[in-house]
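In this chain, numbering begins with 1 at the start of the sequence shown. As the structure lists them, so they are numbered: ligands from 1, and atoms in each ligand from 1. Side chains included, hydrogens not; waters and symmetry mates left out as well; all remaining heavy atoms used.
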Amino acid sequence: MAIKYNADRKTFILETRNSSYLMKVSRYGNLLHLYYGKKIPDKNLDFLLKFQDRGFSPNPNEAGNDRTFSLDFLQQEYSTDGKGDYRSPSIEVVNGDGSTIFSGKMAGYKIYKGKYCIKGMPSLRAVSGDTADTLEIRLEDRESQAAVILGYSVFEEKDVITRTVRFVNGGRQSLMLKRLMSVTLDYRDSDFDLIYFSGRHTMEREFNRIPVQSGMHSIGSSRGTSSHQFNPFGIVCRKNTDEDRGDCYGYSLVYSGNFLLEAEQDQFSQLRVNMGINPRDFSYRVDPGEEFQAPEVVLAYSDQGLTGLTHLYHDVFRENLCRSPYSKKVRPVLINSWEAAYFDFDEEKILNIARESVAMGVDLFVLDDGWFGNRDDDNSSLGDWTVNRRKLKDGLDGLSEKIHQMGLQFGLWIEPEMVSENSDLYRKHPDWCLKAPGRPMTRGRNQLVLDLSRKEVCEYLIQTINEILESAKIEYVKWDMNRSISDVWSGALEKDRQGEALHRYVLGLYYIMDNIILKHPEIIFCGCSGGGGRYDPAMLYYQPQMWCSDNTDAISRLKIQFGTSFAYPVNALEAHVSVCPNHQTGRSVSLKTRGIVAMGGILGYELDSTKLSEEEKEFCRKQVNFYKKNYRVIAEGDYYRLTNPYENRSFTAWEHVTKNKKKALISLVLTDKESNAPQLYLRLKGLDENAFYRVEGHRGSFSGALLMNAGIPVPPELGEYDSVQFVLRMVQEAE
Ligand code: DGJ
């Protein structure tokens with residue numbers, strides 16, 4: 001068992017391969033946090049708790065005259081509210097009498113084998129080969145008889161701990177929950193940096209590293225989705241932590257709606273981290289006998305620097321998260337119609353693009369937006385999921401059939417969660433979208449958001465989308481979502497339940513995904529929200545790959561893919577080679593570099609193949625072959641960021657290494673060409689320093705030690721945006 005309880009010391013001990021997590025029940029029943037970090041043999045950490053009489057730090061009633069016990073400075077496992085802890089709380093609840101106090105005291109625990117379950121929301125599962133043990137601790141507020149049940153599942157071999165919290169109303173009055181964080185973690189000091197990923201549409205997950213300072217640092221989303229603007233992933237690390245060494249802690253929320261990540265340095269220079277559903281625009285009425293569950297947070301600790309932390313997330317997300325059988329399979333190389341045709345196509349044009357792409361070696365053709373209703377631009381028809389016969393005379397089945405005859409698989413774009421005002425669906429059910437009565441609604445891309453908190457809307461979508469998926473031979477679906485949510489009000493909810501609408505929307509989304517995506521395991525689903533606007537682990541539970549960004553410019557992608565790589569595995573990241581000048585930035589980059597960058601993920605194409613020359617198509621075919629030959633190391637190997645594009649302006653490089661270190665693929669793009677430049681060197685990582693490696697296609701070998709310590713010269717003849725890519729193979733002995 002990776003979880004133990006020492007009754008004498010009232011201490012819980014959780015252990016993974018390389019980390020320990022300890023907490024203790026205080027003499028007054030509060031659950032105090034003792035330690036999370038590098039694995040330690042010690043079981044008695046009581047001496048770490050220092051009790052002091054501090055001015056303006058109130059003492060709970062049960063402490064009597066003991067002025068040294070105050071929740072104002074003690075590290076808490078899940079903080080109380082209204083009892084003298086003034087840091088940002090884990091929970092906020094309005095009791096039946098209007099008070100806002102919640103004081104959770106130890107009221108029992110259980111330890112069991114296996115993983116806890118979260119009903120209606122995605123979470124990790126234990127797979128064969130690893131164990132998960134679970135601890136549940138009940139903290140009860142005696143006065144309201146409400147309780148929180150803290151859930152911890154320890155994935156010992158995977159080195160991660162997941163957490164969730166259930167709020168249970170055991171009293172007689174309805175309670176209004178205003179905040180229920182999935183995790184609170186108190187550190188004894190705050191000598192840390194905070195790393196987070198911010199962005200915007202077409203520039204997602206930019207890397208930020210800031211020192212933790214006095215006060216509150218908070219990032220999050222209130223857009224209804226996990227968002228382009230901030231990703232629900234953050235890292236707290238020691239100041240000397242770099243890619244290769246140092247302590248770091250990762251926080252990843254398995255949730256697709258509004259979230260909040262707080263890092264607060266308190267008056268005594270301690271750090272509290274909270275993560276969970278964003279309390280903004282949130283409240284949830286929990287009636288007697290009912291409960292509310294917070295989404296899962298995946299916690300990981302590494303003393304092997306940021307790369308070590310990345311490997312933990314990549315492995316656990318690859319193996320324990322995604323439910324699609326495709327997460328383990330080789331994905332087809334696709335060509336997508338969006339940047340090739342946008343809305344302007346008919347069957348003939350589509351077939352021409354598909355036909356010409358056969359010579360490029362692709363496996364699958366994806367028909368993007370514009371195939372349904374009267375959708376000639378983005379102003380109409382969302383919700384009317386019937387094929388546009390003016391454009392596609394033989395329907396989806398006819399088109400799919402013809403594409404299959406070319407030897408290609410067929411994929412389709414959908415955006416189930418939306419409705420256009422100019423649509424039959426909206427004319428029939430104007431009340432099915434989120435909008436407040438008597439208020440003009442806010443449009444985004446001229447579309448409205450369907451109210452997925454309504455059961456009938458979900459059932460309608462399940463039926464309609466499943467019918468489409470079964471109407472033709474479809475092997476791939478791109479599930480898009482193209483606006484931030486506003487005007488939140490649901491006709492299905494009572495007045496004091498409107499704060500539930502966004503969370504219920506997310507639950508509705510998971511419900512329809514359960515009944516569409518999980519009902520079609522034979523289809524590869526690709527997550528998308530205007531690119532990477534909903535790039536979160538919950539989406540990865542359903543969809544083995546996600547469209548990383550609407551920005552297909554290879555140079556912009558270097559930063560976007562760099563930021564994305566911290567938490568999300570390479571085999572989840574869909575990347576396309578598009579045309580030049582690039583449609584988003586106007587930049588021109590060689591086909592070679594575009595391919596090398598797109599091979600930093602699941603390779604695809606998104607251009608008009610009828611406009612490519614025979615040489616270009618042949619070039620793409622070779623690119624695809626190279627990618628396929630190296631698919632396993634790319635998709636399943638360990639990923640190393642060799643440079644940070646925010647620090648190294650000259651070049652960006654990355655490396656994929658097989659788990660047994662026998663093969664590595666190295667990619668480098670020159671990002672700034674200087675005149676008479678200094679010779680640049682690239683030091684590799686993750687190789688066996690005692691082994692020898694040969695560059696595929698070349699003679700001679702080099703030791704892993706040499707390649708990692710002296711590095712290799714970056715070819716001086718490379719021009720700006722030129723690139724190199726090579727494979728290293730371990731050889732038996734030095735050549
Ligand atoms: C946004 C997506 O990210 C694009 O790739 C494309 O599918 C458009 N939507 C279609 O409307």
Side-chain angles (χ1 to χ4, degrees), residues 199-205 223-229 231 256 334-345 350 353 364-385 388 391 410-420 422-423 443-450 465 468 474 476-485 524-536 539 543 545-554 556-557 560-561 564 572-579 582-585 594 598 601-608:
R200 56 186 185 274
H201 178 225
T202 70
M203 206 58 214
E204 299 89 338
R205 292 173 296 287
R223 295 171 170 267
T225 57
S226 43
S227 89
H228 299 87
Q229 284 69 16
N231 194 262
S256 311
L334 62 83
I335 182 159
N336 177 297
S337 69
W338 181 241
E339 287 197 20
Y342 295 104
F343 295 102
D344 179 19
F345 60 81
I350 290 299
I353 297 173
L364 187 147
F365 178 87
V366 181
L367 179 60
D368 209 281
D369 197 352
W371 58 267
F372 52 92
N374 290 313
R375 186 118 167 129
D376 292 327
D377 56 34
D378 56 12
N379 291 309
S380 85
S381 301
L382 289 168
D384 293 348
W385 299 107
N388 180 328
K391 287 181 170 179
F410 179 64
L412 192 66
W413 177 97
I414 52 172
E415 192 177 1
E417 300 156 69
M418 297 292 149
V419 63
S420 308
N422 184 6
S423 70
R443 298 178 184 90
R445 209 193 189 197
N446 217 353
Q447 61 196 51
L448 306 174
V449 184
L450 286 172
I465 302 298
I468 295 165
I474 296 173
Y476 169 104
V477 168
K478 178 176 173 188
W479 183 309
D480 209 345
M481 195 286 188
N482 279 304
R483 64 162 290 184
S484 295
I485 303 179
I524 300 177
F525 282 82
C526 167
C528 177
S529 174
R534 202 161 55 185
Y535 209 101
D536 60 60
M539 287 293 111
Q543 312 178 99
Q545 59 199 64
M546 297 189 281
W547 181 223
C548 179
S549 176
D550 272 352
N551 188 341
T552 57
D553 174 283
S556 305
R557 276 290 183 121
I560 298 169
Q561 293 177 193
T564 306
L573 188 160
E574 199 178 302
H576 296 174
V577 172
S578 63
V579 76
N582 178 269
H583 288 188
Q584 292 80 43
T585 62
R594 282 176 269 158
I602 298 294
L603 173 71
Y605 291 81
E606 186 164 335
L607 41 72
D608 185 348

Any idea how H228 and H201 line up, ring-wise: parallel (<30°), tilted (30 to 60°), or perpendicular (>60°)?
perpendicular
Heavy-atom nearest neighbour of atom 8 (C) of ligand 1 within options Y342, F343, W547, W338:
W338
Between D376 and K391, is the closest basic N to carboxylate O distance under 4.0 Å?
yes
Heavy-atom pairs closer than 4.0 Å: do any link ligand 1 to the side chain of D378, the backbone, both, or neither?
neither
Which class fits the ring pair F343 and W338: parallel under 30°, tilted 30 to 60°, perpendicular over 60°?
perpendicular
Can you see whether R200 engages Q229 through a side-chain donor-acceptor pair at a distance of less than 3.5 angstrom?
no
Which bit of E415 is near ligand 1, meaning a heavy atom under 4.0 Å away: side chain, backbone, both or neither?
neither
Using a strict cut-off of 4.0 Å, indicate which atoms of ligand 1 neighbour a heavy atom of D369.
10 (C), 11 (O)
Answer yes if the side chains of Q584 and E339 hold a donor-acceptor pair under 3.5 Å, and no otherwise.
yes
I'd like the name of whichever of N482, D480, I414 reaches closest to atom 2 (C) of ligand 1 through any heavy atom.
D480
So, are R534 and E417 salt-bridged, with charged N and O less than 4.0 Å apart?
yes
Counting from 1, what ligand 1 atoms have a heavy atom of C528 closer than 4.0 Å?
2 (C), 3 (O)
Which distance, rounded to the nearest 0.5 Å, do you find between the OG1 of T552 and the OH of Y605?
13.5 Å
Compute the minimum heavy-atom distance from E606 to ligand 1 and say whether it is under 4.0 Å.
no
Sub-4.0 Å heavy-atom contact, R445 with ligand 1
yes
Would you check whether W413 has a nitrogen or oxygen atom less than 3.5 angstrom from a nitrogen or oxygen atom of ligand 1?
yes
Atom 6 (C) of ligand 1: which of V366, D368, T202 has the nearest heavy atom?
D368
Quick note on ligand 1: atoms under 4.0 Å from a heavy atom of G531 include exactly 3 (O)
Under 3.5 Å side-chain donor-acceptor pair for W547 and D550:
yes
